[in-house]
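Predicted, not measured: the structure shown is a model, and the values here were computed from it.
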Amino acid sequence: MDKISGAEAMMRSLEHEGVDILFGYPGGAIMPTYDALYDHRKTLHHVLVRHEQAAVHAAQGYARVSGKVGCAIVTSGPGAMNTITGIADAMIDSTPLVVICGQVGAAMLGTDAFQEVDVVGVTQPISKWNYQIRRAEDIPWAVARAFYIARSGRPGPVVLDFAKNAQTAMIDYVPQTVDFIRSYNPVPQCDEATILRAARMINDSVKPFMLVGQGVELAQAREQLLALAEKAQIPFGQTMLGLSAAPTEHPLNMGMLGMHGNLAPNVMTNQCDLLIAVGMRFDDRVTGNLKTYARQAKIIHFEIDPSEIDKNVKVDLAVLGDCKQTLSALLPHVDAARHDSWIEGFKPYAEKERNKVIEAALHPTEGPLLMGEVVRRVSEAANNEAVLVTDVGQNQLFACRYFKYTRPRSIITSGGCGTMGFGIPAAMGACYGAPERTVCMFSGDGGFQMTIQELGTIMENRIPVKMILLNNNFLGNVRQWQYMFFNKRYSFTPMLNPDYEKIAAGYNIPCRTVVERDELDAAIREMLDTDGPYILQCAIKPEDNVLPMTPPGGSVDEMLLEIK
């Protein structure tokens with residue numbers, strides 16, 4: 001067998017894992033690997049981003065829409081450090097990634113060599129696993145293990161710190177596959193007694209309510225979830241990351257949970273007698289004040305990660321395992337039921353929100369454009385089948401509330417970390433992960449500028465992302481909190497923005513600005529009909545506020561429908 005370099009072994013190992021695209025940025029400590037990549041361009045498509053943070057966000061977007069492991073590759077020191085935000089974001093949002101960072105040679109470790117940073121030490125708290133490859137012989141094992149850990153159980157990011165000497169050393173390459181690691185139990189097994197107890201609790205309930213999280217998407221358990229909901233007539237609400245786990249228009253779908261979710265599912269959380277959480281982690285933005293959260297209800301938690309059980313909310317029954325498997329096991333034991341009066345109880349709250357909030361947000365008759373109406377018109381113009389990508393802030397909250405979802409894996413947003421600048425690069429990755437789908441990215445003027453350099457990546461690759469810039473000349477979400485809780489003292493939230501049309505022209509990306517409401521539909525149609533990328537800038541009312549809202553520290557059933 002002819003010997004090959006460690007860098008070549010890395011390329012072959014990635015191909016062995018089924019990788020077909022890398023998002024990255026070269027540099028000194030990863031240069032041997034990039035040299036090897038040159039000969040694999042037909043099988044490993046590389047997208048040159050303009051900043052390493054964008055490489056990880058793009059890999060996230062790719063992973064979230066495709067269900068595959070995203071892969072990013074960068075150099076050592078500042079290159080590796082620029083990935084930290086994306087790795088942390090992927091960790092809290094359970095996104096499977098492998099991030100490969102160049103590193104100085106093993107003999108120089110600990111000497112403060114040029115562009116040396118302790119990547120393993122820095123990323124240990126924010127990754128599912130990390131490993132420093134110091135010997136070329138370890139490459140096939142490390143890569144196989146990394147991908148297995150990233151994709152199995154509750155997914156997450158893995159970091160490989162790749163020493164330069166390991167890239168250049170010569171080895172006999174034998175590909176490896178890992179499907180078992182001693183002491184690592186990615187999918188806990190649930191016993192039949194627990195399944196039967198869960199079924200009894202559901203059969204005995206009069207007012208059941210189900211909370212649907214991203215875990216349903218990750219497990220590809222939509223069919224099982226809807227079968228349970230329909231058989232037992234259980235209404236459900238969805239977390240932000242779980243919004244496309246079920247169709248928006250499903251009759252049992254009561255809407256989004258959480259601080260800026262819909263009124264009915266939040267209020268009824270505190271009126272149900274059984275709360276069934278599926279693939280969600282009881283985030284504080286969903287629960288509000290834990291002292292008043294669902295105190296009247298028994299709680300069942302379907303969850304793959306044992307560390308999430310009783311972490312925030314004490315539950316009566318934990319059903320551990322992959323929710324596709326556990327829901328499938330549960331379904332035969334659940335009685336067909338009807339809860340008509342309970343389901344009817346959601347309607348007055350939905351009607352109240354529609355009258356007080358939604359109609360005004362979607363159908364204003366005068367004044368500047370509102371974020372909600374732009375989002376809904378884009379969604380409907382794309383037949384409610386597009387992939388929604390958001391940045392973070394008011395644009396995110398309005399987009400998640402008013403976009404409609406018909407297909408799974410249709411929402412990509414930064415949930416737990418709330419990373420401004422996420423939108424543009426994540427949308428790039430989504431275009432590669434689902435090239436047959438329309439990708440619509442909503443951003444505010446603040447987040448847009450945080451990764452605006454990625455317009456260069458979009459230009460070079462003609463990535464067909466449709467970018468809707470909701471420009472209110474404010475850091476809108478912070479401004480809303482300043483309006484509500486800081487006596488309207490707008491401390492450093494107004495923004496003087498550049499001429500985005502000129503910037504778009506510099507990147508050779510079509511751009512149109514809409515100010516008047518009667519121009520909006522034609523502009524959206526033009527955007528969707530344009531081959532390649534497009535920027536649609538909408539001039540938004542500066543003090544457009546996201547409602548309803550649970551005040552910080554408030555109970556989920558105490559949502560504000562107006563701001564005085």
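- Taking CD of Q238 as the start and CG of L225 as the end, the distance is 8.5 Å to the nearest 0.5 Å.
- Aromatic ring centroids of Y34 and H46 lie under 6.0 Å apart.
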Please table the atom pairs, donor to acceptor, closer than 3.5 Å between any side-chain atom in residues 411-418 and protein atoms at least two apart or in another chain.
residue, atom, partner, partner atom, Å
T413, OG1, T390, OG1, 2.6
T413, OG1, Q396, NE2, 2.8
S414, OG, D89, OD2, 2.5
S414, OG, G418, N, 3.1
S414, OG, T419, N, 2.9

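- In this structure R145 satisfies the side chain to side chain donor-acceptor pair (under 3.5 Å) test with no other residue, sequence neighbours excluded.
- The neighbour count for Y184 OH, taken as heavy atoms of other residues, nucleotides or ligands under 6.0 Å away, is above 12.
- Of all the heavy atoms in V74 and G79, the pair that sits closest is CG2-O, 3.8 Å.
- A salt bridge does not link R285 with D283: every distance from a Lys NZ or Arg NE/NH1/NH2 to an Asp or Glu carboxylate oxygen is 4.0 Å or more.
- Neither side chain, T287 nor D284, offers a donor N or O lying under 3.5 Å from an acceptor on the other.
- In this structure, a donor-acceptor pair under 3.5 Å is absent between the side chains of N82 and Q53.
- One side chain, S307 or D305, offers a donor N or O that lies under 3.5 Å from an acceptor on the other.
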(request) Just do the salt bridge (Lys or Arg N to Asp or Glu O under 4.0 Å) check on R50 and E460 with the steps written out, would you? (result) CA-CA 11 Å; R50 300 310 190 255; E460 180 174 339; 2.7 Å; yes
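- Residue Q176 qualifies as enclosed at atom CD: its count of foreign heavy atoms under 6.0 Å is above 12.
- You'll find the side chain of I535 reaches within 4.5 Å of the side chain of F448, heavy atoms only.
- Residues R12 and E15 are not paired through a salt bridge, judged by the lack of any N-O separation under 4.0 Å between the basic side chain and the carboxylate.
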(message) With ring pair (Phe, Tyr, Trp, His ring centres under 6.0 Å) as the criterion, how do H301 and F282 come out once you've worked through the C-alpha distance, each side chain's angles and the decisive distance to 0.1 Å?
(response) CA-CA 10 Å; H301 194 177; F282 289 109; 5.1 Å; yes
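- Using a cutoff of 4.0 Å between basic side-chain nitrogens and carboxylate oxygens, E308 and R154 are scored as salt-bridged.
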Side-chain donor-acceptor distances from residues 422-434 under 3.5 Å, at least two apart:
none

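- Under the 3.5 Å distance criterion, with hydrogens and angles disregarded, a donor-acceptor pair is assigned to the side chains of Q167 and T33.
- One finds the CG atom of D172 at 9.0 Å from the CG atom of D2 (value rounded to the nearest 0.5 Å).
- The distance from the CE atom of M10 to the CG atom of L160 is 5.5 Å, given to the nearest 0.5 Å.
- Here Y131 and W141 bring their ring centres to under 6.0 angstrom of each other.
- Partners of R407 under the side chain to side chain contact (heavy atoms under 4.5 Å, CB included) rule, at least two apart in sequence or in another chain, are E385, S410, E436, R437.
- Annotation: side chain of M81 is in contact with side chain of V119 (closest heavy-atom distance under 4.5 Å).
- Using a 3.5 Å distance cut-off with no hydrogens or angles, the side chains of D20 and Y62 do pair a donor with an acceptor.
- For F474, the ring pair (Phe, Tyr, Trp, His ring centres under 6.0 Å) test picks out Y490, with sequence neighbours left out.
- No hydrogens or angles considered: a donor-acceptor pair under 3.5 Å links the side chains of T457 and E454.
- Under the side chain to side chain contact (heavy atoms under 4.5 Å, CB included) criterion, Q449 pairs with M495, N497, P498, Y500, sequence neighbours left out.
- At a threshold of 4.0 Å, the pair E192-R197 does not count as salt-bridged, since none of the basic side-chain nitrogens sits closer than that to a carboxylate oxygen.
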(request) Please report the C-alpha distance between M441 and I468 in whole Å, then the side-chain angles of each, then the deciding distance to 0.1 Å, and finally whether the side-chain contact (heavy atoms from CB on, under 4.5 Å) criterion is met. (result) CA-CA 6 Å; M441 191 283 297; I468 302 94; 5.9 Å; no
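- Judged purely by distance below 3.5 Å, without hydrogens or angles, the side chains of H40 and E8 pair a donor atom with an acceptor atom.
- Within the 4.5 Å cutoff, the side chain of L97 has no heavy atoms near those of the C71 side chain.
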